[in-house]
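Here's the structure, in structure tokens; my notes come after.
Counting from 1, the numbers follow the sequence of the chain as shown.
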Amino acid sequence: MTMKRRAVLAAAGVALLPTRASAHDDLAAHGRRLGALLTSPNLARPIATAYLRATGETDWHRAAHALDMTPVLAPAAELLEEATLRTWLGERIRADFAEGRVVSVDGWRLSRTEVGACVIVMGAA
């Protein structure tokens with residue numbers, strides 16, 4: 001049986017379709033996207049490191065889950081444009097402050113979203 005070019009391309013396309021990503025992969029993908037919003041993704045490292053040290057956590061995935069980052073960032077998956085994502089993130093951070101969702105990190109009061117974003121940006125780097 002000979003395979004036609006179209007059948008080979010179709011089979012290759014199916015093989016390349018992404019499978020359902022794990023929550024860890026989703027967090028890493030969010031981290032890469034959020035890292036692109038920063039002038040330097042390395043700016044997230046000191047905040048994330050201080051938070052992890054203060055909580056005694058060594059795994060960035062667990063820390064991100066403790067900060068509820070998977071459900072927090074779920075709406076961001078639909079935002080394709082960088083400017084829209086940046087606006088959404090700013091609104092989310094302001095909402096955290098308005099609703100008292102803040103974390104103290106090395107004397108700084110930061111929103112849970114800010115801290116979580118720093119943790120996953122560092123983890124994805």
Any side-chain heavy-atom pair of Leu52 and Thr58 under 4.5 Å:
no
Applying side chain to side chain contact (heavy atoms under 4.5 Å, CB included) to Leu110 and Ile47, what does each step give before you reach the verdict?
CA-CA 10 Å; Leu110 303 169; Ile47 294 169; 3.8 Å; yes
To check you understand the geometry: which heavy-atom pair defines the closest contact between Asp59 and Glu57, and what is its length?
N-OE2, 3.1 Å
With side chains defined as the heavy atoms from C-beta onward, is the minimum distance between Glu114 and Phe97 less than 4.5 Å?
yes
Considering all heavy atoms, the nearest Cys118-Ala48 contact
O-CB, 3.6 Å
Nearest 0.5 Å, what's the CG-CZ distance between Leu85 and Arg92?
13.0 Å
Only one of Thr113, Asp96, Asp68 forms a side-chain hydrogen bond (donor to acceptor under 3.5 Å, both in side chains) with Arg101, so which one is it?
Asp96
If we only count heavy atoms from C-beta on, is the His61 to Ile120 side-chain gap below 4.5 Å?
no
Should we say atom CD of Glu81 is surrounded by more than 12 heavy atoms from elsewhere, each under 6.0 Å from it?
no
Heavy-atom pair of closest approach, residues Leu67 and Arg112
CA-NH2, 3.2 Å
Between OG1 on residue Thr84 and CZ on residue Arg86, distance to nearest 0.5 Å:
11.0 Å
Sequence neighbours excluded, the answer for side-chain contact (heavy atoms from CB on, under 4.5 Å) partners of Ala66 is none
Less than 4.5 Å apart, side chain to side chain, heavy atoms only: is that true for Leu89 and Ile93?
yes
Which heavy-atom pair separates Val119 from Ala63 by the least distance, and what is that distance?
CG1-CB, 4.1 Å
Shortest non-hydrogen contact from Arg109 to Val102?
NH2-CG2, 3.2 Å
On a heavy-atom basis, the closest approach of Met69 and Ala117 is CE-N, 3.7 Å
Under 3.5 Å, which donor-acceptor pairs do the side chains of residues 71-79 form with other protein atoms, sequence neighbours left out?
none

Residue list, salt bridge (charged side-chain N to carboxylate O under 4.0 Å, His left out) with Glu91, at least two apart or on another chain:
none
